[in-house]
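Beneath this line is the structure, given in structure tokens, with notes to follow.
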Amino acid sequence: MFSERTFQAQIIQNEFQQSLHAKDLEPGTNTRGNIIKRKMKDYFTLFLETSSIHGLNHLVASKRHPFEVLLWLTIVALSVFGALYLSRATWTRYQSSPTVLSMDRDMFAWNTTFPCVTICPNSKLDAKKLRAYVQSSSEPDKETLTKFIIGISNATYETFDTIPVYDGIPADKYVELVLNLSASFKPTLTIGATGISLNIIPTITEMGLCYAVNSKVAIYNSPAVVVHNSTFYIHPLDGEVFAQVINLSTSYDVYLHGPLEVPDISTRHQHSAEDFYMKLYVTALTVYTSSEAAKLSVAQRRCRFLHENILQHNSVYTYTMCRMECRIRLCLKYCKCIPHFYRRIGDEKTCDIRGLHCLYQYKDELYKLQDKSGKKINCGCFPICDDVNYVIQSNVLQEWFLGTNLQWGIVTYPRMRYRRDIIFGFTDVLVAVGGMAGLFLGCSVLSFMEIVYFLTLRLICYTHRSASK
């Protein structure tokens, strides 16, 4: 016994055969074009009558008033619009915000990265080397040359205007000159943990020549060849852990940041004068990305890993390096050159003194990355996916008769960390879209497969059978 739907299809098929035979007998209807049009119409009618998508059969049912057909056409159109509109909103959500930050609270289940510091001495040049260089130079104006070299060694966006005009040294030799005349930086580095050896890595920053400890990315801007570079991790069971840099020879600025980041001119820093002992005690706030969320695209998780590099002037990606790249683009836009502390690629021009003076006119835009109206410039920079931020709990600065020293470490271990995880995955998209298709159109995956079937195998069989008659 046939089911109701199968019986309906059989009736429709019989009606098709009768209509085909009747129309073939009509005079003037046997032209090839008319036959093809008629059969296409009949085949489309067959699809609408037998489709499992609700409402389509009412469009071609016999003996229906035109108003009824129009009514059902409107209903089907609105249903299709509703399903597509909500499905698009679901897909947009999946593409834009499928992740959530949740908290891990078991502080003994993870290790914490020991704070990375970047130390920027305020006096970067060796006085003896500078004096010998100036005396051996053929430049008659020794005072201007001395001021020029000192100005170049400490050049930042905020001090470009203080550098005197001097054309005796090519712009692409500025960094080489500063490195050759730089003071020796060999303080004693100690750490309160056994079996741990950390290196002090020289690195070129927007603040000039600085020195990083426990950094994974400082080596990419280092003028020296670094053979060994490891990151130090600590655990709450280790207790209080401190590191010290002893016998610094000058005043300095110190920047605290994660091991996968570098400081720039807008990074908050602490200053210590000469013959002072600075003690920085911090706690950490960690954000990491789960393995499931890491499989999403960059636009979906809205963060980048170190290897997902899109920067032209750096070998790896960090958020700060991306902002530095944004400043490079602005420098090229404003003054057609870039400062000497950036890596030059292609046909880019290194700024001479006049170029640096030109950039000083835009120092607020370059420093804050905002235009003159105060609107934030869109640099397209995402944070890094695995990041550590440090909060200073105590900053003690006291005079010290034994020299200039720095101590930093973690006293209070973080009791939680943030995990970037998926809250709305592709399976949720399928469920949501399928539910909307079922709600508005009463269809399923089989209904869409039915459309494919009618456009392929069923169409071939129908065409073959029609041609054989």
Let's go through S272 and L406 carefully: what are the C-alpha distance in whole Å and the side-chain angles of both, what is the deciding distance for side chain to side chain contact (heavy atoms under 4.5 Å, CB included) to 0.1 Å, and is it a yes or a no?
CA-CA 9 Å; S272 173; L406 168 66; over 6 Å; no
Using salt bridge (Lys or Arg N to Asp or Glu O under 4.0 Å), reason through R354 and D167 one step at a time and then give a plain yes or no.
CA-CA 10 Å; R354 292 170 182 82; D167 298 323; 2.9 Å; yes
About how many Å separate [atom2] of [Y] and [atom1] of [X], when rounded to the nearest 0.5 Å?
| X | Y | atom1 | atom2 | answer |
| --- | --- | --- | --- | --- |
| F185 | Y252 | CZ | OH | 9.5 Å |
| Y418 | D387 | OH | CG | 13.5 Å |
| L130 | Q135 | CG | CD | 9.5 Å |
| D161 | I353 | CG | CD1 | 11.5 Å |
| I328 | R344 | CD1 | CZ | 12.0 Å |
| K186 | N247 | NZ | CG | 14.0 Å |

Look only at the side chain of [X] and the backbone of [Y], and say whether a donor-acceptor pair between them is shorter than 3.5 Å.
| X | Y | value |
| --- | --- | --- |
| S136 | A132 | yes |
| D371 | S373 | yes |
| S137 | Y133 | no |
| R327 | Y367 | yes |
| S51 | L48 | no |
| E450 | S52 | yes |
| E308 | F305 | yes |
| R419 | S102 | no |
| K142 | V134 | yes |
| N180 | L177 | no |

The test is side chain to side chain donor-acceptor pair (under 3.5 Å); show your working for T283 and Q393 and say whether it passes.
CA-CA 7 Å; T283 188; Q393 294 181 311; 4.7 Å; no
Compare every heavy atom of [Y] with every heavy atom of [X], then report the nearest pair and how far apart it is.
| X | Y | answer |
| --- | --- | --- |
| T350 | C337 | C-CB, 4.1 Å |
| T289 | D386 | N-OD1, 3.0 Å |
| L311 | V316 | CD1-O, 3.8 Å |
| L330 | E365 | CD1-O, 4.5 Å |
| F341 | T205 | CB-O, 3.5 Å |
| N154 | T159 | O-OG1, 3.3 Å |

Assess whether side chain to side chain contact (heavy atoms under 4.5 Å, CB included) is satisfied between L179 and I204, documenting all intermediate values.
CA-CA 10 Å; L179 293 177; I204 303 297; 4.2 Å; yes
Before giving the answer on salt bridge (Lys or Arg N to Asp or Glu O under 4.0 Å), spell out for E206 and R323 the whole-Å C-alpha distance, their side-chain angles and the decisive distance to 0.1 Å.
CA-CA 11 Å; E206 290 182 335; R323 288 170 58 87; over 6 Å; no
Indicate whether any N or O donor in one side chain lies under 3.5 Å from an N or O acceptor in the other, for [X] and [Y].
| X | Y | result |
| --- | --- | --- |
| Y342 | E348 | no |
| S251 | N122 | yes |
| D104 | Y288 | yes |

Ring pair (Phe, Tyr, Trp, His ring centres under 6.0 Å) with Y453: which residues, sequence neighbours excluded?
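Result, ring pair (Phe, Tyr, Trp, His ring centres under 6.0 Å) vs Y453: none returned.
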Ring pair (Phe, Tyr, Trp, His ring centres under 6.0 Å) involving Y174 - partner list, sequence neighbours excluded:
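Testing Y174 for ring pair (Phe, Tyr, Trp, His ring centres under 6.0 Å), a comparison that skips the adjacent residues, returns F148, H340.
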Mind telling me whether [Y] and [X] have parallel, tilted or perpendicular rings, with 30° and 60° as the class edges?
| X | Y | answer |
| --- | --- | --- |
| W91 | F426 | perpendicular |
| Y85 | F81 | parallel |
| W400 | Y277 | perpendicular |

Are [X] and [Y] packed together at the side-chain level, in the sense that at least one heavy-atom pair is separated by less than 4.5 angstrom?
| X | Y | value |
| --- | --- | --- |
| L332 | I338 | yes |
| N214 | T231 | yes |
| T404 | T250 | no |
| Y413 | I234 | yes |

Should the SG of C385 and the SG of C303 be checked, would they turn out to be under 2.5 Å apart?
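A disulfide is present here, as the SG pair of C385 and C303 is separated by less than 2.5 Å.
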Taking SG to SG, are C358 and C335 separated by less than 2.5 Å?
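Answer is yes: C335 pairs with C358 in a disulfide.
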Walk me through whether F160 and K363 qualify under side chain to side chain contact (heavy atoms under 4.5 Å, CB included).
CA-CA 9 Å; F160 284 160; K363 65 181 181 68; over 6 Å; no
Evaluate H235 against N111 for side chain to side chain donor-acceptor pair (under 3.5 Å), listing each step before the verdict.
CA-CA 5 Å; H235 189 271; N111 293 324; 4.6 Å; no
Between V262 and M321, is a side chain to side chain contact (heavy atoms under 4.5 Å, CB included) present by the stated rule, with each step listed?
CA-CA 7 Å; V262 296; M321 286 182 176; 3.9 Å; yes
Scan V117, T118, T267 and name whichever one has a side-chain contact (heavy atoms from CB on, under 4.5 Å) with H257.
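The option that passes is T118.
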Taking F242 as the fixed residue, which of F232, Y281, W408 is the one that meets the ring pair (Phe, Tyr, Trp, His ring centres under 6.0 Å) rule?
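In the set F232, Y281, W408, the residue that makes a ring pair (Phe, Tyr, Trp, His ring centres under 6.0 Å) with F242 is Y281.
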From CA spacing to verdict: disulfide bond (SG atoms under 2.5 Å apart), C322, C381
CA-CA 6 Å; C322 181; C381 295; 2.1 Å; yes
